[in-house]
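One structure, pasted below without further comment.
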Amino acid sequence: MKKKLLHILLLSAVLINTTGCKKYLDINADPDTPQQPDVSSVFPAMLSGIPRGTQFDARYISKYIQNFAQNAAANAWDTHGHQNYPNPSDIGGDIWRQCYYGLGANLNYIIDNGKRKGQWDYVGAAYALKAMMFQMATDQYGEIIYTEAFKENTSLFKYDNQDVVYRGVDSLCRLALIYLQRTDLSPSNSLLSRGDFVYDGSTAKWIKFVNGLLAKNFHRVTNKTSYNADSVIYYVDRSFTNGNDDFLVPFDATKNDDTNFFGTYRDNLTSFRQTKMIVQLLDGTTLAGSAAGYNRDPRMRHMISASNDTTNGNGGYYSLEPGLADPNTLNKRVSTPFGDSLYANPSASRYDPSRGKYLFRDKAVSPVMSYSELQFIKAEAAYKKAGGGDAVAYQAYLNGINGHFDFINRSTYPRSNVPIYNTTVISSTQRSAYLASANVKASAATLTLTDIMLQKYIALWGWGFLETWVDMRRYHYTDNDPVTMQPVYKGFIVPTAIPSTNNGRLAYRIRPRFNSEYVWNLDELIRIGGTTVDYHTKEMWFSLP
């Protein structure tokens, strides 16, 4: 009855707005707030809205992939639990919110109005963002609403299987490329640089970004016989050529809503701590087999935080295991992500761009896609195509590592965002020493999938949470490397306290947003099994054979 009433109210609103009441409504119009704003004034909000989804939900995905753990023991996400139905919670639902609400209909507005005015560059960029949001949503939630998304005059929306959504993302990317390559722009209406603070209106960079999306879309299905490594390589080669092409969302840091969600001001990572997995990847334990000083990754001091104590052999870089509280006391406690020897937020509710570390600053960028990330995708694709020992895979692997060094060393970012390196850049001598160390394979013949995926894990740590989760699920968290016969994700710890509701399984998806789906679209969720307590452990289509 409630749904029927809502439908009647919505329909009544449409009738009032489209029948003989226009003059009456006009007297309430605000000339300072146009009802049909130009797309150039809508587009910036779409860019700034991306972190609302990715960073909010990263608090939970980061626990599944062991980028972070909670400094206290009792945390469901550390042990691959979830807010199970019927608990009324929107936790983990922000990418859903952004896909359908934050960006959703607003991107449709840009596309529809841009087409009418010949603003093809905005249309193409909007299609690109639309493809990105649907890709993120299906990779996080599995079956989602695609073919009936934004359908009017209904309160029930059909869920599509992932293969349908993947084909839809491909189609949206093709449309984006068509419009981004059009040169017959309306000279008075279209100037993408007015609303684009990521690429400053460069359609060439937007085209590269779309090719990167296509590479990721094609690469997700490595476990299927239909997987085509050549297509992945093709699109990577037409995407980013160096770090200057990275898609980075900057922050002005003048108020809450334009400040980095991971910065000190917004205080969302105070209880988060670095894990054993990332510490041992950077101190040499996992990749080189020893934490001796000469094996230490020079990126370590820029990315993670040291504690006061330096007697543990790696300079005081302590860590947590998932589901276990910090066992250390006093100077051996694990520091916050905001800086060395910091056990509390240094400037909560106070803007201070000088405080924080790496990407955890008020005015540090929020990356969405990077050159380094795409090179590791190419490396894995080429490796799988050749079955190992491939020169293309090896060069892309080296490009990925060097690309991440360049990412850390970058000195200028859009909108005067702060550098992410710690005090000084990584020197060429330090970089060369690392590349010559046991952490990095010296030839194509010795390269393994483990080497590629763990270096990609390092490069994505602290921002590429969903991409890493896709990767881990493709390898089912603990699949073995066919060469080493050890887990590809060496160092990943299966939590000892997996909830009984999981039936012994690790998490593969997050439930759709409670407030929209479990309240208004419950029949569809029941159809796909979304009300079972272990729905979050149901394997994804993309990771199945």
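Model, not experiment: these values are computed from the prediction.
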Worksheet item: What about the rings of Y477 and F492, do their centers lie closer together than 6.0 Å?
Response: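 Yes, close enough.
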message: Please report whether the ring centroid of W541 lies less than 6.0 Å from that of Y166.
response: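 They qualify: ring centres under 6.0 Å apart.
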Q) Judged by modelled atom types alone, do D94 and Q98 share a side-chain donor-acceptor pair under 3.5 Å? A)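 Checked: D94/Q98 side chains show no N/O donor-acceptor pair below 3.5 Å.
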Quick one: sort the F376 and Y397 rings into parallel, tilted or perpendicular, breaks at 30° and 60°.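 The rings of F376 and Y397 stand perpendicular, inter-plane angle above 60°.
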Kindly indicate whether the side chain of I95, heavy atoms from C-beta on, has any atom under 4.5 Å from the side chain of R97.
->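 A side-chain contact is absent here, since even the closest heavy-atom pair is not under 4.5 Å.
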| message | In terms of relative ring orientation, are W77 and H82 parallel, tilted or perpendicular, with 30° and 60° separating the classes? | response |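 If you compare the ring of W77 with that of H82, the planes turn out tilted.
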Notebook entry, point to check: After noting the C-alpha distance and the side-chain angles of V123 and I110, does the key distance pass the side-chain contact (heavy atoms from CB on, under 4.5 Å) rule?
Noted result: CA-CA 6 Å; V123 172; I110 292 172; 5.8 Å; no
Quick one: ring-ring contact (aromatic ring centres under 6.0 Å, His included) partners of F197, sequence neighbours excluded?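 Scan of F197 (ring-ring contact (aromatic ring centres under 6.0 Å, His included), adjacent residues dropped) gives none.
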Which residues pass the ring-ring contact (aromatic ring centres under 6.0 Å, His included) test with Y235, sequence neighbours left out?
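In terms of ring-ring contact (aromatic ring centres under 6.0 Å, His included), with neighbours along the sequence ignored, Y235 is linked to F218.
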Six-ring centre of F272, K63 cation under 6.0 angstrom, axis tolerance 45°: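 Yes, K63 and F272 form such a contact.
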Checklist line | Under the side-chain contact (heavy atoms from CB on, under 4.5 Å) test, residues paired with S443 that sit two or more places apart | finding: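 S443 satisfies side-chain contact (heavy atoms from CB on, under 4.5 Å) with A445, T446 only.
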(request) Can you tell me which residue pairs pass the salt bridge (charged side-chain N to carboxylate O under 4.0 Å, His left out) test with a partner in residues 467-477, sequence neighbours excluded? (result)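 Every pair satisfying salt bridge (charged side-chain N to carboxylate O under 4.0 Å, His left out) with a residue in residues 467-477: K216-E467, R220-E467, E380-R474, K456-E467, K456-D471, D471-R474.
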Pair R361-T259, side-chain donor/acceptor within less than 3.5 Å: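 No, no side-chain donor-acceptor pair sits under 3.5 Å.
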*Are any non-hydrogen side-chain atoms of V198 and L248 less than 4.5 angstrom apart?*
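With C-beta onward as the side chain, the pair stays apart.
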Any residue meeting side chain to side chain donor-acceptor pair (under 3.5 Å) with K538, in chain and number order, not counting sequence neighbours =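 By the side chain to side chain donor-acceptor pair (under 3.5 Å) rule, K538 matches no residue at all.
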May I ask you to check whether T138 and Q162 show a side-chain donor-acceptor distance below 3.5 Å?
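A pair is found: one side chain offers a donor N or O, the other an acceptor, under 3.5 Å apart.
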ask   = What are the two closest heavy atoms between P482 and L449, and how far apart are they?
value =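 That would be CD-CD1, 4.1 Å.
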Query raised in the report: Should the pair E143-R509 be classified as a salt bridge under the 4.0 Å nitrogen-to-oxygen rule?
Result: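 Answer for the salt bridge query: yes.
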Just by distance, with hydrogens left out, do N295 and S437 show a side-chain donor and acceptor under 3.5 Å apart?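 Side chains of N295 and S437: no pair found under 3.5 Å.
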Note to self: Once salt bridge (charged side-chain N to carboxylate O under 4.0 Å, His left out) is applied, what residue pairs with a partner in residues 108-129 remain, sequence neighbours excluded?
What the structure shows: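 Counting only pairs at least two positions apart or across chains, the salt bridge (charged side-chain N to carboxylate O under 4.0 Å, His left out) contacts touching residues 108-129 are D38-K117.
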Discussion item. Holding to side chain to side chain donor-acceptor pair (under 3.5 Å), I want the full list of residues that pass it with R238, two or more places apart in sequence or in another chain.
Written reply: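 Partners of R238 by the side chain to side chain donor-acceptor pair (under 3.5 Å) criterion, ordered by chain and then number, come out as Y234.
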- prompt: Taking the side chain as C-beta and beyond, is there a heavy-atom pair between N521 and P512 under 4.5 Å?
  reply: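 They are not in contact (no side-chain heavy atoms under 4.5 Å apart), so the answer is no.
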(Q) Quick test of your reading: applying salt bridge (charged side-chain N to carboxylate O under 4.0 Å, His left out), list the pairs with at least one residue in residues 169-179, sequence neighbours left out, ordered by first then second residue. (A)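 For residues 169-179, and leaving out neighbouring residues, the salt bridge (charged side-chain N to carboxylate O under 4.0 Å, His left out) pairs sorted by first residue read D170-R174.
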Check: With sequence neighbours left out, what residues match Y421 under ring-ring contact (aromatic ring centres under 6.0 Å, His included)?
Finding: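 Checked Y421 against ring-ring contact (aromatic ring centres under 6.0 Å, His included); zero matches.
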message = I'd like to know if K378 pairs up with D237 as an ion pair, taking the criterion as any Lys NZ or Arg NE/NH1/NH2 lying under 4.0 Å from an Asp or Glu carboxylate oxygen.
response =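 Judged by the 4.0 Å cut-off on N to carboxylate O distance, K378 and D237 do form a salt bridge.
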Check: Do R194 and Y122 have side-chain heavy atoms sitting under 4.5 Å apart?
Finding: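 With C-beta onward as the side chain, the pair touches.
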Minimum heavy-atom distance between P322 and A69, given as atom pair plus value
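Answer, listing the atom of P322 first, then A69: CA-CB, 4.4 Å.
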Report task. Quick one: sort the F209 and F240 rings into parallel, tilted or perpendicular, breaks at 30° and 60°. Result ->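 If you compare the ring of F209 with that of F240, the planes turn out parallel.
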Cation-pi between R59 and F56: NZ/CZ under 6.0 Å from ring centre and within 45° of the ring axis?
->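 Checked: cation-pi criterion met.
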TODO: Carefully, step by step, assess R296 and D283 under the rule salt bridge (Lys or Arg N to Asp or Glu O under 4.0 Å).
DONE: CA-CA 4 Å; R296 183 177 301 173; D283 72 10; over 6 Å; no
Testing the 3.5 Å rule here: is there a donor-acceptor pair between the side chains of N217 and Q135?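 Distance-only check passes for N217 and Q135.
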>> Is the distance between the ring centroids of H219 and Y227 under 6.0 Å?
In response: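 Yes; H219 has its ring centre under 6.0 Å from that of Y227.
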* Asked: If you round to the nearest 0.5 Å, how far is CG of N399 from NE2 of H404?
  ->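 That separation rounds to 14.5 Å.
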**Report entry** Closest approach of L180 to A125 (non-hydrogen atoms, all atoms of both residues)
**Finding:**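 Closest approach of L180 to A125, heavy atoms only: CD2-N, 3.7 Å.
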Open item on the list: Aromatic contact between Y457 and W461, with the criterion being ring centroids under 6.0 Å apart: yes or no?
Closed with: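 No, the ring centres sit 6.0 Å or more apart.
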- prompt: Could you give all pairs that pass the ring pair (Phe, Tyr, Trp, His ring centres under 6.0 Å) test and reach residues 429-454, with sequence neighbours left out?
  reply: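 Every pair satisfying ring pair (Phe, Tyr, Trp, His ring centres under 6.0 Å) with a residue in residues 429-454: F405-Y434.
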Rounded to the nearest 0.5 Å, how far apart are CD1 of I458 and CZ of R299?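 So the gap between those two atoms works out to 5.0 Å.
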Practice task
Please examine the side chains of L466 and D57, heavy atoms only from C-beta on, and report whether any two atoms are closer than 4.5 Å.
Solution key: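 A side-chain contact is absent here, since even the closest heavy-atom pair is not under 4.5 Å.
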Under the rule for ring-ring contact (aromatic ring centres under 6.0 Å, His included), what residues qualify as partners of F542, not counting sequence neighbours?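 Counting only residues at least two positions away or on another chain, F542 forms no ring-ring contact (aromatic ring centres under 6.0 Å, His included).
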Quick one: which residue pairs count as a salt bridge (charged side-chain N to carboxylate O under 4.0 Å, His left out) with a foot in residues 387-412, not counting sequence neighbours?
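Residue pairs with at least one partner in residues 387-412: D406-R431.
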* Can the ring centroids of Y64 and H80 be said to lie less than 6.0 angstrom from one another? ->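 For Y64 and H80, the ring centres are under 6.0 Å apart.
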